[in-house]
Asks: 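Here it is: the structure, laid out below.
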Amino acid sequence: MKAQKLTKLALLTTLALIIFIVELRIPDLIPIPGVKLGLANIVTVFAVYHYKAGEAAMIVFSRILLGAFFSGNMMTILYSAAGVSLCLAGMLFLKKIISGGLRPVKHLWLCSVLGAVLHNTGQIIAACFIAGTGVIAYFPFLFVSGCIAGSFTGLCAQYVINRLELETGNNRDIWYEEKI
Amino acid sequence: MKYGKRLYAFCGLILLSGIAGSVMVMGKPKTDNVSIVRDGEVLYELDLAKEEDRMIEIEYEGNRNIVEIKDHQIRVSDAGCPDKCCAKMGWLNSSVPIVCLPNHLVIRYSDRNDESTIDAEAY
C-alpha cells in the first residue's frame, strides 16, 4: 500500500478515535443502554464512500480496538465489533446500489440510517448472548434512535463529501486526487 | 439512483415500526411477579405485592448492584459499573427490563402465573 494512502487512512482513524473519546464524555440524555449519537460513524460513512471495503474495515476495527483501550472499557469491543460488522456489510451493500460516482451526493444518508440500525441490531444480538434474552425489549427504542442518529451522521458525512468536492471547483476529487 | 423511493419507504418503515414497537413495549404487564436473572439463571423470583421494603445486594466479579424494593416497586439504586445506566432507569414499570450489562443482570416481570405461597425463592 502506498505511504500516502496509509497516512490518509491513519488520519481518518485518528479523527474517528478523537470523536469517539470526546463523545463518551457527553452526558447522555436517554438512560437506555446503547442509545448514543454515534458521531464517529461520520468517518465510517466517509471511508465507505471513498475507499474499498477492506480499507474501510481497517479504519473501523482499529478505531474500535484503540477506543476500547483509551476509554478503559474492554467490553465495548465485543458489542462494537458485532455491531460494526453488520453495519459495514449493510453499508457496502447499499453503496453499490446508491452511488454511481455522481456528484453531488444526495442519498448517502439513507445508507447511514441502514448502517446505524444494523449496528444497533448487532449490539443487541451481542447483548443477548451475554446477558440473556430479556434485552430484546430494547429493540424498538434502538430502531428509533438508530434512524435519527444515523440520518444525522449520514447528513454530516454527505456535507463533508460534497464540500470537499466544491473546494476545487473543477470536478477534481480533492481527497482522492484523481480526476472524476 | 435506481431504488430511490423504495429506500425512503424502507427507512420510513423502520422508523414507524420502531415507534410502534416502543409504544407496545411500554405497557405494564398484568403480573406482579418479578424475576432477577443473571447470565440466564434466575436468582430471585419475587412477588411484589407481598414484598416488604428491603435492599438486596448482588455481587458479580467485584462489582455489586443494590436492588431496592420499596412500596411494591423495584429498581436498582446503586451499581458498581462506571456508567450507572441501570440506576438511572428508575422503577420497573413496563415490559422493558432493567439491565446492567457489565454485571449481566436483568430485572423484569416474569411470566410465572402460578399462585404459590412462597414469597421469594433463591436458586
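Chain A is the first sequence line, chain B the second, and so forth, proteins listed ahead of strands; every chain is numbered from 1. Everything quoted here is computed from the prediction, not taken from an experiment.
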Asks: Could you check whether any side-chain heavy atom of F152(A) comes within less than 4.5 Å of a side-chain heavy atom of C147(A), counting everything from C-beta outward?
Replies: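 No, every pair of side-chain atoms sits at 4.5 Å or beyond.
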
Asks: Looking only at heavy atoms, which two atoms of V113(A) and G150(A) are closest? And how far apart?
Replies: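 Distance-wise, the nearest heavy atoms are CG2-C, 3.9 Å.
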
Asks: Between atom CD1 of I19(A) and atom CG of N41(A), what is the distance when rounded to the nearest 0.5 Å?
Replies: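 Spacing of CD1 (I19(A)) from CG (N41(A)) equals 9.5 Å.
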
Asks: Of the backbone (N, CA, C, O) and the side chain (C-beta and beyond), which part of I98(B) lies under 4.5 Å from a heavy atom of chain A, both, or neither?
Replies: backbone

Asks: Between L114(A) and chain B, with a heavy-atom cut-off of 4.5 Å, which part of the residue counts as in contact: side chain, backbone, both or neither?
Replies: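 Only the side chain of L114(A) comes within 4.5 Å of chain B.
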
Asks: Could you walk me through whether Y49(A) and W109(A) pass the ring-ring contact (aromatic ring centres under 6.0 Å, His included) check?
Replies: CA-CA 11 Å; Y49(A) 183 78; W109(A) 63 278; over 10 Å; no

Asks: Between S112(A) and T153(A), do the side chains contain an N or O donor and an N or O acceptor separated by less than 3.5 Å?
Replies: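 Looking only at side-chain atoms, T153(A) and S112(A) do form a donor-acceptor pair, the distance falling under 3.5 Å.
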
Asks: Heavy-atom cut-off 4.5 Å, strictly under: side chain, backbone, both or neither for V106(B) against chain A?
Replies: side chain

Asks: Tell me, side chain or backbone of Y138(A) under 4.5 Å from chain B's heavy atoms, or both, or neither?
Replies: side chain

Asks: Answer with side chain, backbone, both or neither: which region of Y79(A) has an atom nearer than 4.5 Å to a non-hydrogen atom of chain B?
Replies: side chain

Asks: Specify which of G18(B), C11(B), S17(B) makes the most heavy-atom pairs with chain A at under 4.5 Å.
Replies: G18(B)

Asks: What part of V144(A) gets closer than 4.5 Å to chain B, counting heavy atoms only: side chain, backbone, both or neither?
Replies: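 For V144(A), backbone and side chain are both near chain B.
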
Asks: Using a 3.5 Å distance criterion without hydrogens, assess whether the side chain of S80(A) forms a donor-acceptor pair with backbone atoms of I77(A).
Replies: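 No, S80(A) side chain to I77(A) backbone: no donor-acceptor pair under 3.5 Å.
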
